[in-house]
**Student:** 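If you scroll down you'll find the structure; I have some questions about it.
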2 protein chains.
Amino acid sequence: MRKSKEAAAESRARIVATAARLFRAHGPQAVSVADVMEAAGMTHGGFYKHFASKDALLAEAITAMFEEKRPMFARPTAAEAEVALADYAAEYLSMGHIGNLEAGCPIAGLSLDAQRAGPEVRRSFAGAIEGMVADIAVAKGTGPEARSAALRDMMIMVGAIVLARSVEDRALQERIIETAREARSDIG
Amino acid sequence: MRKSKEAAAESRARIVATAARLFRAHGPQAVSVADVMEAAGMTHGGFYKHFASKDALLAEAITAMFEEKRPMFARPTAAEAEVALADYAAEYLSMGHIGNLEAGCPIAGLSLDAQRAGPEVRRSFAGAIEGMVADIAVAKGTGPEARSAALRDMMIMVGAIVLARSVEDRALQERIIETAREARSDIG
DNA sequence: ACAAGAAGATGATGATCATCATCCAAATTG
DNA sequence: CAATTTGGATGATGATCATCATCTTCTTGT
């Protein structure tokens, strides 16, 4: 049955939000279009009324994931950005994040899949990361130095979560997290 | 037709080596058993004479990937290990590595897939990483400090490659590589 | 109010795949 | 050298999936 314009837009948003969770949790290849639609409370049939392809949904879901994170660290001034980033890093480098595939960092959880996907997906991923670098650089001051400092932070955080998730020993995971926190503050 | 004992062992090894390349390059889900067998010069039929399942092959391929890398950094003494690790890091943090999915670092190229796979695969991945941490710690001296230093190196290297591959701008990739090199030497 | 159109449901379709059953020929074994 | 294995080939099988066609029911522009 037909839905009103707002109801349809709501459906569409629900599909994207659901996909953002499921794709991160299990990987896009392991989640079917029907899975997403069912988790969003619909049947598979309506999908192509909203999206041109599964890849198109993935591209949108990726954008949504990054936009969901952005308020946590993006601030207009260096002083505010520095505080926000510190909070974000504290939450990022935590055992909770390791277990939280579903709502965790898309770089740590989806980057390999994005790299292997079509150009549409790759571009949406790359664009989001480039925006994130710029946002984080605000916390690091001005000039090219700030950009490098932002990259340094990001690679430590992403590397730590990827590494920690790959390991099974909980004590080692904690050690990795702790080491990453120290590395971040050692470098400044 | 039946093959001699050595010929069969050679076939098996070729399957593992081929899988190690293909799985890294395209992801295990995107590579079928038939793809691997064909690339190894056989038809799909013989596969289950060698392996219990696709996951069993993936687990073995993962072990093989790590063993292939081990000679590049593992050394018995701290002095030798330090030199070998420096060489390895120089090659690791390079543009060539970014483009070389097929023979690159399995942590940077396959960790998400391993995390999502069955327990057999996860265990083989986790075990290999734990061994690698121990090997790299040799270059960092003794005690728990060495282990942390090894982890710090690893997360920077893995994070840098994951991040660089996710981005499309070549100049930014180079900046990421360069930043990672500096971060490694800043920390020591 | 009515005609046109769109959201979403139901139900194909064609492809791909992991795994299994069989068969064949060469290699072991005794 | 005969009997028996066994590596590998050929060819199902059953499942899953992305995508499409069609139908129904409601919304919306007129």
Side-chain angles (χ1 to χ4, degrees), chain A residues 1-20 22-23 25-62 113-114 116-122 124, chain B residues 1-20 22-23 25-62 113-114 116-122 124:
Chain A
M1 44 328 211
R2 182 170 184 185
K3 289 292 176 70
S4 79
K5 225 178 295 187
E6 311 102 68
E10 222 173 275
S11 293
R12 189 193 157 91
R14 206 167 56 248
I15 296 171
V16 173
T18 305
L22 292 182
F23 285 161
H26 312 289
Q29 305 226 42
V31 176
S32 71
V33 168
D35 290 337
V36 173
M37 291 299 281
E38 188 183 341
M42 286 173 286
T43 60
H44 69 278
F47 180 78
Y48 290 89
K49 287 277 159 58
H50 287 295
F51 303 96
S53 66
K54 187 184 178 180
D55 256 30
L57 170 62
L58 176 54
E60 273 204 48
I62 285 171
D113 304 287
R116 295 176 191 137
E120 183 181 9
V121 172
R122 277 204 309 277
S124 107
Chain B
M1 45 327 213
R2 182 170 184 186
K3 288 294 176 67
S4 79
K5 226 178 292 188
E6 310 102 69
E10 222 172 275
S11 292
R12 189 193 156 92
R14 206 167 55 247
I15 296 171
V16 172
T18 306
L22 292 182
F23 285 161
H26 311 290
Q29 305 226 44
V31 175
S32 70
V33 167
D35 290 337
V36 174
M37 291 299 279
E38 188 183 339
M42 285 173 286
T43 60
H44 69 279
F47 180 79
Y48 290 90
K49 287 279 160 57
H50 288 294
F51 303 95
S53 66
K54 187 183 179 182
D55 256 30
L57 170 63
L58 176 53
E60 272 204 49
I62 285 172
D113 304 286
R116 295 174 190 138
E120 184 183 7
V121 172
R122 278 205 308 277
S124 106

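Chain identifiers are assigned alphabetically (A, B, ...) following the order of the sequence lines, protein sequences preceding nucleic acid strands; residue numbering begins at 1 within each chain.
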**Student:** Please report the shortest heavy-atom distance between A:Ala52 and A:Ala56, naming the atom on each side.
**Tutor:** N-CB, 4.2 Å

**Student:** Could you tell me which non-hydrogen atom of B:Gln29 sits nearest to which non-hydrogen atom of A:Ala30, and how far apart they are?
**Tutor:**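 Distance-wise, the nearest heavy atoms are NE2-CB, 4.0 Å.
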
**Student:** Once rounded to the nearest 0.5 Å, what's the spacing between atom CD of A:Glu120 and atom CD1 of A:Ile62?
**Tutor:**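 Output value for this atom pair is 9.5 Å.
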
**Student:** Return the polar atom pairs (N/O with N/O) between nucleotides 28-30 of chain D and the protein under 3.5 Å, or none.
**Tutor:**
residue: D:dT28; atom: OP1; partner: A:Lys5; partner atom: N; Å: 3.2

**Student:** Over how many whole Å does the gap from A:Glu10 atom CD to C:dA7 atom C1' extend?
**Tutor:** 14 Å

**Student:** Near DNA chain D, counting only heavy atoms under 4.0 Å, which residues of residues 39-53 of chain A show up?
**Tutor:** A:His44, A:Tyr48, A:Ser53

**Student:** Just to verify, what does B:Arg116 make a side chain to side chain contact (heavy atoms under 4.5 Å, CB included) with, not counting sequence neighbours?
**Tutor:** A:Leu110, A:Asp113, B:Leu112, B:Asp113

**Student:** Kindly give the heavy-atom pair with the smallest separation between B:Ala8 and B:His50, and that separation in Å.
**Tutor:** O-CE1, 3.7 Å

**Student:** State, to the nearest 10°, the angle formed by the axis through the first five base pairs of the helix from C:dA1-D:dT30 to C:dG30-D:dC1 and the axis through its last five.
**Tutor:** 20°

**Student:** What I'd like to find out is whether the side chain of B:Met37 reaches to under 4.5 Å of the side chain of B:Thr43, using heavy atoms alone.
**Tutor:** no

**Student:** For nucleotides 15-17 of chain D, tabulate all protein N/O to nucleotide N/O atom pairs closer than 3.5 Å, reporting atom names and distance.
**Tutor:**
none

**Student:** Passes side-chain contact (heavy atoms from CB on, under 4.5 Å), B:Val33 versus B:Phe51? Steps please.
**Tutor:** CA-CA 11 Å; B:Val33 167; B:Phe51 303 95; over 6 Å; no

**Student:** Could you list the residues that satisfy side chain to side chain contact (heavy atoms under 4.5 Å, CB included) with B:Ala19, not counting sequence neighbours?
**Tutor:** B:Phe23, B:Val36, B:Leu57, B:Ala61

**Student:** Could you give all pairs that pass the salt bridge (Lys or Arg N to Asp or Glu O under 4.0 Å) test and reach residues 36-61 of chain B, with sequence neighbours left out?
**Tutor:** B:Arg12-B:Glu60

**Student:** Under the rule for side chain to side chain contact (heavy atoms under 4.5 Å, CB included), what residues qualify as partners of B:Ala34, not counting sequence neighbours?
**Tutor:** B:Ser32, B:His44

**Student:** A:Ala7: which residues meet the side chain to side chain contact (heavy atoms under 4.5 Å, CB included) condition with it, sequence neighbours left out?
**Tutor:**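 Only A:Lys3, A:Ser4 meet the side chain to side chain contact (heavy atoms under 4.5 Å, CB included) criterion with A:Ala7.
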
**Student:** Please give me the minimum heavy-atom distance between B:Ala40 and B:Thr18, naming the atom from each residue.
**Tutor:**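 The answer is CB-OG1, 3.7 Å.
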
